[in-house]
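Working notes, beginning with the structure itself.
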Amino acid sequence: MRIVYCLILLFVLEACSQVAFTGRRQAQLIPIDTINSLSFSQYDEFLAANNTLPPDAPESVLIRRIGQDLVYAVEVYYKANGMEGELEKFDWEFNVVESEQINAFCMPGGKVVMFTGIMELAQNEDAMAVIMGHEIAHALAHHGNERMSQMMWAQLGMSALDIAISERPQATRELIMTAAGAGAQIGVMLPFSRKHESEADEIGLYLMTMAGYDPTEAVPFWERMGQVGGGAPPEFLSTHPGPERRADNLKRLIPKAREYAEKYPVPQSSRNSG
Ligand SMILES: [Zn+2]
């Protein structure tokens, strides 16, 4: 019996990892390969089912470039901290969906969607980098994994993803979209926790600053988001922290973001040459 406990303990310790930048310890209950394969197939389905702009549309080119800048920043930080092995589990992709929805998301494994509605609200590239930094941070910090395991338990009464897939395939596919903040197909929107949102804000701000974008744009952008108000779509507005609190947090973190940018110089590839 004791050996069983030891094995369980070993498994829990193995599954326990640390979030980059914040150092928060977390349990990743779903194997990354399993959640990624579900995530990647659902992402492709989402792109096919929606009005996805072609790769050479100006919006797509812009979002891909900002995304690549952010990925450079991620790589510099992870390499400098001996964490580059973790990045093997990411296969970054950036797409734009034509929609009035003020929303954006990044699915587990680094699959990003920006809606044209939120790009319009962003108004400038720095604010777009705020949004994308935030969404990428959700994926880097494996928030989808944490949420997915909670939701599987709460809604399907299951804790293993492969069992959930085989027994409730449709519900499981919908859950991963919801876990990524991609939509509320199941009717009930489970909010991202404050903890996850604040963590994504913080990591996202560091990344966009390291990538050469202006962190002071984060505050007015979230103010614009706050003004959009009623009738808003679920994920990005109502479940995120209140705009004033968020602005205060971000203002407080800007000096630290600039320190990161100095400490981890990122090659300013495409931005300056373009
Ligand atoms: Zn978020």
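Each ligand, and each atom within it, is numbered from 1 in the order the structure gives. Numbering starts at 1 and runs along the sequence shown.
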Within the supplied structure, the quantity of interest is the number of heavy atoms (other residues, nucleotides, ligands) at a distance under 6.0 Å from Gln123 CD; does it exceed 12?
yes

### Message
Between Glu197 and His138, do the side chains contain a donor N or O and an acceptor N or O under 3.5 Å apart?
### Response
yes

Distance check below 2.8 Å: does His196 bring an N, O or S atom to the Zn ion (ligand 1)?
no

Would you say His134 reaches the Zn ion (ligand 1) with an N/O/S atom under 2.8 Å? yes

Which atom pairs, one a donor and one an acceptor, fall under 3.5 Å between side chains of residues 85-97 and the rest of the protein, sequence neighbours left out?
unit_1, atom_1, unit_2, atom_2, d
Lys89, NZ, Asp33, OD1, 3.0
Lys89, NZ, Asp33, OD2, 3.4
Asp91, OD2, Lys111, NZ, 3.4
Glu93, OE1, Lys111, NZ, 2.9
Glu93, OE2, Asn95, ND2, 3.4
Asn95, ND2, Tyr43, OH, 2.9

Residues at least two apart in sequence or cross-chain that pass ring pair (Phe, Tyr, Trp, His ring centres under 6.0 Å) with Phe40, listed by chain then number, are none

In Glu197, the N/O/S atom nearest the Zn ion (ligand 1) carries the name OE1

